[in-house]
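What you see is a predicted model, and the numbers here were worked out from it, not measured in a lab. The figures here come from the full heavy-atom set of this structure, side chains too, leaving out hydrogens, waters and symmetry mates.
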Amino acid sequence: MNMYNWVEQMIYTERKKALPILAFPAVQYLYVTVRELVADPVHQAIGMRMIAENYDMPASFGFMDLSVEAEAFGAHTVFTADEVPVIIGRLISSEEEADALEVPDIGTGRTGSNIEAIKKAQVLIKDKPVIAQCIGPFSLAGRLMNVNDIMLHCYEEPAMVHTVLRKVTDFIVKYAGEFKKEGANGLILAEPLAGLLSPQLIDEFSTNYVREVVETLQDRGFIMIYHNCGNGTPHLLKSIREVGTYAYSFGDSVDLRVMLENIPRNYLVMGNISPAKVFNGDSTERVRLETLKLLHSCGDFNNFVVSSGCDIPPNVDLDNISTFFKTVDDWYFRKSLRNAIA
């Protein structure tokens, strides 16, 4: 599949489809726990198929929880039955530990399961791109060094941060490369922690490393989507535009219209209904109104794709998801009618 053509089709299609980052609610169709899902590639592949069958999206997303890659490096991961796994503590606190950090083999921990899930999903999903997900370099380094500590180290011990970034970037290139090898049509590279950096620091500690990953892997058969849900993202847009991806996904903490006004029209911009406040709320009417508000603000931009601001939680009310899709479909249908009459 030529993914450059896919981007163009997404831009020039009049009746656009919603493309939320929708994967983990598959647990509700599979009747399994989140813990069972993240450990089993068969569950993941079937879950992706069931999401694809129940929701009319232009792509299918794999699973990613911002702990998989750090766990492979040896970080302490906490699992619960119904919540996405999280990293606690720190693995690296000194330059000596940074130097001693070993880059794990691909397949360590749950990385092998995620790769196998994408491979199996290719067999089950034939009518749309299958897009894997992976953490970005600075966000992975932050989970190894502790999110708060790495911000301080950028100022006080930048050499140590670069040592870790070099190793995690090498790992991400290999890990994402395995997704590509197994047939994935693209990758969401999630770099939310970089949204906390200053404009002076993001180039040095994030953008340059992200661009290396993108330049190594992206081609017409494998598209990269840069995801950042940090609230400082609008101030970092100059650097973010230099990562080299053809698509961007932004969180709900930013004014998406501002982003669209400053990104060229031949790049996809996805976002940004809040997963926590809207999708995971208790009102379908709130979902409908917030979706309409976003569509009225951004729907006239051809390169806008309405999406969630981040991953939708596992146990979200499925009626909220259905309301979101119906609202988007109805809005673009009415827009097409207006254009036809005009």
Looking only at heavy atoms, which two atoms of [X] and [Y] are closest? And how far apart?
X	Y	result
Leu193	Gly142	CD2-CA, 3.7 Å
Ile172	Gly136	CD1-C, 3.6 Å
Met160	Met145	CE-CE, 3.6 Å
Ala52	Ile125	CB-CD1, 4.4 Å
Thr245	Gln218	CA-OE1, 3.9 Å
Pro275	Gly309	CD-N, 4.0 Å

Donor-acceptor pair, distance only, cut-off 3.5 Å: does the side chain of [X] make one with the backbone of [Y]?
X	Y	result
Lys180	Phe222	no
Ser322	Leu318	yes
Asp105	Thr108	no
Gln133	Phe63	no
Arg90	Asn146	no
Thr323	Asp319	yes

Cluster check [X], [Y]: I/L/V/M/F/W/Y, side chain < 4.5 angstrom:
X	Y	value
Val86	Val68	no
Leu236	Leu201	yes
Ile87	Ile135	no
Met270	Tyr4	yes

**Complete:** Apart from Leu152 itself, members of its ILVMFWY cluster (side-chain separation under 4.5 Å) are none

**Message:** If hydrophobic residues (ILVMFWY) are linked whenever their side-chain heavy atoms come closer than 4.5 Å, directly or via other members, who joins Phe333 in its cluster?
**Reply:** Leu337

**Item:** Electrostatic pair Arg166-Asp170, nearest N-O below 4.0 angstrom
**Value:** yes

**Item:** Verdict with reasoning, Asn315 to Gln28, per side-chain hydrogen bond (donor to acceptor under 3.5 Å, both in side chains)
**Value:** CA-CA 7 Å; Asn315 292 309; Gln28 299 185 55; 4.7 Å; no

**Asked** Which residue pairs satisfy the ring-ring contact (aromatic ring centres under 6.0 Å, His included) criterion with at least one member in residues 170-192, sequence neighbours excluded?
**Response** Phe73-Phe171, Phe171-Tyr175, Tyr175-Phe179

**Prompt:** Do any pairs count as a ring-ring contact (aromatic ring centres under 6.0 Å, His included) and have a residue in residues 134-157, sequence neighbours left out, and if so which ones?
**Reply:** none

**Request:** Measure the acute angle between the ring planes of Tyr248 and Tyr267, then classify it against the limits of 30° and 60° as parallel, tilted or perpendicular.
**Result:** tilted

**Under the side-chain hydrogen bond (donor to acceptor under 3.5 Å, both in side chains) test, residues paired with Lys119 that sit two or more places apart** = none

**Item:** Reference residue Asn208; test side-chain hydrogen bond (donor to acceptor under 3.5 Å, both in side chains); the match among Glu212, Glu204, Arg211
**Value:** Arg211

**Request:** Using side chain to side chain contact (heavy atoms under 4.5 Å, CB included) as the criterion, list what pairs up with Asp329, not counting sequence neighbours.
**Result:** Arg15

